[in-house]
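All remarks here apply to the structure that follows.
What's counted below: heavy atoms across the whole structure, side chains too, no hydrogens, waters or symmetry copies.
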Amino acid sequence: MDSITQYLELPVSNPTGVFSIVLAIILFAPILFSKIRIPHIVGLIISGVIIGENGLGILERDDSFRLFGQVGIYYIMFLAGLEMDLAGMKESRKPGGIFGAMTALIPFATGYFTGLYILQYSHLAALLLACIFASHTLVAYPIVSRYQLNRQKSVMVSVVATMIALIFALITLALIAASFKGEDIGWKFWLWIFAKFAFLIAFVTLVMPRVIRFFFKKVSEPILHFIFVLAMIYVAATVADIAGFEGILGAFFAGLVFNRYIPHNGPLMNRVEFVGNAIFIPFFLIGVGMLVNVRPIFTNKAVIGVVAVIVLASTLSKYVAAWLSRRMLKLSKASGLMMFGLSEAHAAGALAMVMVGTTLVYPDGTPLMSNDVLDGVVAMILFSCLIGSIATEKAARQLKTENIDNLHNERPKNDDEKILVTINNEDSIKWLVGTALLMRNEKLKRGIICLNVVNDNDESKKKMMEGKAYLEAAKKLCSAANLPVQTQLRLGVNFANATIHAFRENDASEVIMGLHTRRADDTSFLGLFGKALIGGLMRQITIVKYTVKDFNNIRQIVVAVPENAEHEAGFYRWLERICRMSQCLKCQLAFHATEKTCNIIMNYVKAYYSKLTVDYEEFDMRDGLDQLKDEVNPDHLLVIVMARQGTASHQASFRKLQEPIEKFFSKNSLMIIVPDQQGDTDNNQVTFTDPHSQDDYVVPGITQWMSKFQTRTI
């Protein structure tokens, strides 16, 4: 009975129970909050508020949360340094210095006058509040990684500015502490500050590179490489602490040093990011939420006033700093919003500073920072993280669309084409291999990979025999077309994972697969395998179903293109494949897209496929596919260009494709293309802000319930 009560008593103290609850939150919070369009980072912070001792009291913020939380914030700063473009960073020093000065001095002045004249604090207390306003933490940086904007100018400027603002705030904090204790702030004080900073820089620039080179030269074990990286992060953070600076500064410097030694597309980078994004960073965000005490806000009028003033003043000052810096640096509005989003969040630095304020006590026993201020600063941390994450998410989407000219300014000269065809039944072999033949670039003289995955269970031997027969049939088709082919038969308990592993091992560029055959009890139009593959693989996936007797019966290819499709990294890849099909089949093409997208497609087709017969019709997919019901005939191939959730061209209508397809196009040949999200680099990394790769199929019952709930409440 005691074993049961230890799980029922609140707060839960059993280590197994605590870890189980945290993992459940990390797993389900992003899924549930994405349904109401709340960023994953925000969802975990809110979850921490709910389960914390100041909320429902389910968990207590014990030493484990402090430990993992510290690890998480160090990880964020380390990744910020690790993923930076060092060459671009040199160019960003001056604009970063400008923004750093603005985002430190403007909030500092705002915090000082707010504390002194509005909140009626003492001179030193107002200065401490000003330090808290001046500093910020890159809590929203994982969102930048998700959108692959790490090397975007406004991001690098913001990272440089973060270090400047943090150093400024920490030095000012040291001055406040020394002044409060009555120490002499003369040349010896400044010399000591300079010596400690020089010690930190010397360790980072002289000692760490030598240790890293020696270790990587002598040790080849991959697991030890990861442990070494992890150890060096916290060695650098410890050295920074010893030098009197925050550990996050040391972690960031460690990231800059490792930037040269860890390949960005290598397995070590994947391990480093995976562990941090899966465990450490979520722990940190949940811990931040658990700090927040919302009860005084509803019960104490004094606290309400303090919280409102602090949150409003800090947010406004950071926004003004970002706006002025954006104008001075002549950057776009989206870049300015990105700078604000990354510089808005207060977390580790603010917590450290307010804790210093509570430890500095006047002779009469009164602390420099009262409990009201502590509640106000913690509330500011919550709201700043929420506002910063939402602003960064919005800015990232806008910047993704702004970069189209830089991403796709010409036709790729070196195609990395290597097509993987998944064959799971006999009837689809002809159509899948045929689609690969129509889409391939004959000039490259490359073959295709045919893959059959067998479920590893009691019937695996029988299924393996069938799979071998399927692959032999595919071989014969390829031989008849003089097409080189490589066949693979795999055992696996998860079809999607086995396919992804084969994709990476063969360095494939795209996948062609058959459309899932729906049964009466199926809840997914694409099937579990299709959805899992789309969520776990960021390369182009082509899903086909043909109703004609032969490819030559196709008279026209009708392509439905969503708004902003041109902003996807794989836009020209799928466009090239469709044009090749039309050229091989000698059939007409009809693109249905927005006016802007049609113009971009038209320019491409005129430049490289001028002999094709192509029509262009203005079309908005958000209004529904039923607009095309009179345009698509039985001998037409309907191509629907989709997009993964969270990408530039994703639309809510994608979730409801099943109804119009089954109602209006069930007798038509169909092709669904999910564009490449990585361009020419296969960098399929699971990030915290998208930890489940939008796999809402994992819990279909929950997602259905959430969808119904949304429908009822809207």
Side-chain angles (χ1 to χ4, degrees), residues 19 26 63-87 89 137-138 141-142 144-145 150-151 159 162-163 196-243 245-284 348 501 504-505 681-688 691:
F19 202 64
I26 295 173
D63 291 339
S64 64
F65 281 97
R66 296 184 183 93
L67 173 63
F68 280 99
Q70 197 79 340
V71 173
I73 190 59
Y74 288 169
Y75 236 97
I76 291 175
M77 299 305 298
F78 173 75
L79 291 176
L82 186 64
E83 296 172 348
M84 283 195 70
D85 178 7
L86 295 182
M89 186 178 177
T137 308
L138 295 174
Y141 188 82
V144 174
S145 298
N150 313 77
R151 303 188 177 192
V159 173
T162 299
M163 295 302 102
K196 291 191 292 184
F197 189 72
F199 167 71
L200 174 61
I201 297 299
F203 174 80
V204 169
T205 58
L206 301 177
V207 178
M208 283 189 66
R210 288 174 169 80
V211 174
I212 293 170
R213 285 195 296 267
F214 176 82
F215 187 88
F216 283 161
K217 183 178 180 180
K218 297 295 182 181
V219 180
S220 59
E221 175 61 40
I223 295 178
L224 293 181
H225 282 182
F226 171 74
I227 299 298
F228 172 71
V229 172
L230 197 63
M232 292 304 293
I233 295 173
Y234 299 104
V235 168
T238 302
V239 171
D241 276 332
I242 294 173
F245 298 94
E246 276 293 308
I248 55 178
L249 193 62
F252 173 75
F253 286 151
L256 291 179
V257 175
F258 272 106
N259 192 292
R260 295 178 55 193
Y261 301 101
I262 300 180
H264 282 246
N265 298 324
L268 181 56
M269 173 71 87
N270 186 57
R271 294 187 187 100
V272 169
E273 292 188 331
F274 179 83
V275 173
N277 291 320
I279 300 294
F280 296 142
I281 296 176
F283 250 103
F284 162 69
H501 291 161
R504 293 176 179 171
E505 288 171 8
T681 304
D682 187 9
N683 186 21
N684 293 299
Q685 297 167 345
V686 180
T687 63
F688 163 66

Item to check | Pairwise side-chain contact, F258 with M208, heavy-atom cut-off 4.5 Å (strictly under) | outcome: yes

Checklist entry - Mind checking whether F284 and I76 have side chains closer than 4.5 Å, heavy atoms only? => result yes

Item to check | Side chain proximity check, V204 to I201, heavy atoms < 4.5 angstrom | outcome: no

Checklist entry - To the nearest 0.5 Å, how far apart are CG in L249 and OH in Y74? => result 10.5 Å

Donor-acceptor list for residues 222-243 side chains, cut-off 3.5 Å, not counting sequence neighbours:
from : atom 1 : to   : atom 2 : distance (Å)
H225 : NE2    : V219 : O      : 2.7
Y234 : OH     : V71  : O      : 3.2
T238 : OG1    : Y234 : O      : 2.6
D241 : OD1    : G247 : N      : 3.3

Next on the checklist: So, taking the atom named CZ in F252 and the one named CG in L82, what distance separates them when rounded to the nearest 0.5 Å?
Outcome noted: 11.0 Å

Next on the checklist: For the backbone of V272 and the side chain of Y75, can you confirm whether one donor and one acceptor N or O come within less than 3.5 Å of each other?
Outcome noted: yes

Checklist entry - So do F283 and L67 actually touch side chain to side chain, heavy atoms under 4.5 Å? => result no

Item to check | Separation of N259 CG from F78 CZ (nearest 0.5 Å) | outcome: 9.0 Å

